[in-house]
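Here the structure comes first, spelled out in structure tokens, and everything after it is commentary.
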Amino acid sequence: MGKCRIISSVVVVAGLIVVAVLLAVIFWPLKPTFIARCKEFKGYDCEKMWGTFEQAYVGRDPRTVPTEAYDPFIAAADFSADPNKLMFWSKTNKVVHDFTEKKKGCFLTLEDTVLGYMLNGLTWCGKEGSTITFRSFACPGMEEKNAVDSFWNRVSAAFADAACGDVTAMLNGDIATPFNPNSIFASIEVKRFDSSRVKSLNVVLVTEKSAVTNCTNASLKDLQKELKPGIQYYCKEVTEAHIQECSSNPEIACGACW
Ligand SMILES: *[C@@H]1O[C@H](CO)[C@@H](O)[C@H](O)[C@H]1NC(C)=O
Ligand SMILES: *[C@@H]1O[C@H](CO)[C@@H](O)[C@H](O)[C@H]1NC(C)=O
């Protein structure tokens with residue numbers, strides 16, 4: 001075999017591997033991941049949960065999935081929150097999940113609950129006339145009513161509806177507008193806090209050494225205005241280093257990190 005033959009067969013094999021990986025990424029079934037994650041929660045019929053989830057988008061044009069399509073999933077999840085435990089966040093993905101992961105049982109973000117856990121980090125969609133769940137590249141971009149965004153908008157609303165007692169929100173003090181009107185927190189969650197259930201909203205403004213903003217920022221004044229009368233508002237600036245230090249210290253009680 002000449003050198004060229006060897007190189008060309010290497011190219012063919014590499015090409016086949018790339019194609020196989022792409023096909024696996026697109027058609028790798030979502031269901032086993034969903035079921036395995038669902039089983040980490042007690043008391044759910046995970047097959048039924050999958051059924052209520054899948055019916056929202058399977059066989060539909062992936063650009064026209066309304067948020068209400070996930071109502072049966074919300075009903076099956078039947079989520080109710082322990083008072084004082086819910087943790088909302090915006091632009092603090094890493095620090096907030098690192099915190100709830102290390103300080104287990106203290107606070108729950110949406111992604112730690114049955115509403116968000118199974119689908120966290122995944123992409124999915126359906127296609128008209130098909131019974132298959134497609135993944136990743138096979139799904140069109142981020143059109144307004146795509147299956148993934150509609151899901152997160154719907155579960156965020158359900159999560160906010162469940163909030164009661166003292167509610168916490170980790171916002172980012174290293175960006176100009178910590179309370180961004182386009183965020184899910186501002187456009188969906190805050191609007192749904194029920195003043196007969198929620199006593200207070202405690203904003204933890206997470207900052208690096210060189211904080212861009214602080215609790216006096218005008219966007220946070222807008223946040224206070226959004227809250228229904230009767231819900232108390234507090235804001236505290238806390239450095240990320242302090243949160244990390246505190247979450248690694250098992251001696252410190254829940255909520256005593258700020
Ligand atoms: C908060 O930020 C504003 C504007 O950036 C600044 O003028 C003010 O001194 C800061 N307040 C505190 C308490 O750091
Ligand atoms: C504070 O909030 C306003 C409006 O909500 C924003 O435009 C402004 O840039 C923010 N940040 C700082 C650092 O002043």
Side-chain angles (χ1 to χ4, degrees), residues 41-44 49 52-53 56 65-93 96-97 99-100 103 105-120 145 148-172 177-206 215 217-236 238 254-255 257-258:
F41 293 86
K42 300 265 175 295
Y44 286 98
M49 292 291 285
T52 60
F53 167 71
V65 179
T67 51
E68 308 84 71
Y70 290 101
D71 286 357
F73 173 78
I74 300 295
D78 190 26
F79 175 71
S80 63
D82 286 347
N84 314 327
K85 278 205 173 173
L86 293 200
M87 173 68 88
F88 293 80
W89 60 275
S90 186
K91 296 271 189 231
T92 51
N93 193 352
V96 76
H97 289 119
F99 180 77
T100 59
K103 275 227 170 311
C106 282
F107 294 100
L108 293 171
T109 65
L110 171 59
E111 296 75 14
D112 298 315
T113 72
V114 71
L115 293 171
Y117 187 73
M118 279 93 83
L119 283 312
N120 197 11
K145 289 193 181 304
V148 177
D149 285 352
S150 290
F151 173 82
W152 287 109
N153 289 343
R154 183 64 189 90
V155 293
S156 298
F159 188 65
D161 288 345
C164 59
D166 300 318
V167 166
T168 312
M170 261 193 207
L171 303 184
N172 190 336
T177 309
F179 184 66
N180 184 331
N182 301 321
S183 66
I184 288 185
F185 180 59
S187 65
I188 297 176
E189 292 169 336
V190 165
K191 293 183 195 304
R192 295 182 82 111
F193 290 158
D194 177 348
S195 58
S196 70
R197 295 166 52 84
V198 175
K199 257 173 40 199
S200 70
L201 172 67
N202 302 275
V203 171
V204 176
L205 193 62
V206 185
C215 284
N217 179 265
S219 78
L220 295 169
K221 298 276 184 299
D222 298 337
L223 166 54
Q224 288 179 70
K225 280 183 231 141
E226 281 287 341
L227 292 175
K228 300 197 178 78
I231 302 179
Q232 292 290 311
Y233 167 87
Y234 304 96
C235 179
K236 198 158 180 187
V238 186
C254 294
C257 290
W258 40 81

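Counting begins at 1 with the first residue of the sequence.
Side chain of Tyr233 to main chain of Ser200: no donor-acceptor pair is present (N/O by atom type, distance under 3.5 Å, no hydrogens or angles). One N or O on the side chain of Ser150 and one on the backbone of Val65 form a donor-acceptor pair closer than 3.5 Å. When atom types are taken as modelled, the side chain of Thr177 and the backbone of Asn180 share no donor-acceptor pair closer than 3.5 angstrom. Formation of a donor-acceptor pair under 3.5 Å by the Lys85 side chain with backbone atoms of Gly105 is found in this model.
By the ring pair (Phe, Tyr, Trp, His ring centres under 6.0 Å) test, Phe41 pairs with Tyr117, sequence neighbours left out. Scored by the ring pair (Phe, Tyr, Trp, His ring centres under 6.0 Å) test, Trp152 finds no partners at all (sequence neighbours excluded).
Taking the six-membered ring for Trp and thresholds of 30 and 60 degrees, Phe79 and Phe159 have nearly parallel ring planes, at less than 30 degrees apart.
Within the structure, every pair that satisfies the salt bridge (Lys or Arg N to Asp or Glu O under 4.0 Å) test and touches residues 67-78, not counting sequence neighbours, is listed here: Asp71-Arg154.
Here the OG atom belonging to Ser183 is positioned 10.5 Å from the CH2 atom belonging to Trp89, to the nearest 0.5 angstrom. Distance check: Asn93 CG to Asn172 CG gives 11.0 Å after rounding to the nearest 0.5 Å. Between the OG atom of Ser195 and the CD atom of Gln232 there is a distance of 12.0 Å, given to the nearest 0.5 Å.
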Stepwise side chain to side chain donor-acceptor pair (under 3.5 Å) check, Thr168 with Asp166:
CA-CA 7 Å; Thr168 312; Asp166 300 318; over 6 Å; no
Asp112 and Thr100: side chain to side chain donor-acceptor pair (under 3.5 Å), yes or no, with the steps?
CA-CA 8 Å; Asp112 298 315; Thr100 59; 3.0 Å; yes
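Counting non-hydrogen atoms of other residues, nucleotides and ligands closer than 6.0 Å to NZ of Lys91 gives a total of 12 or fewer.
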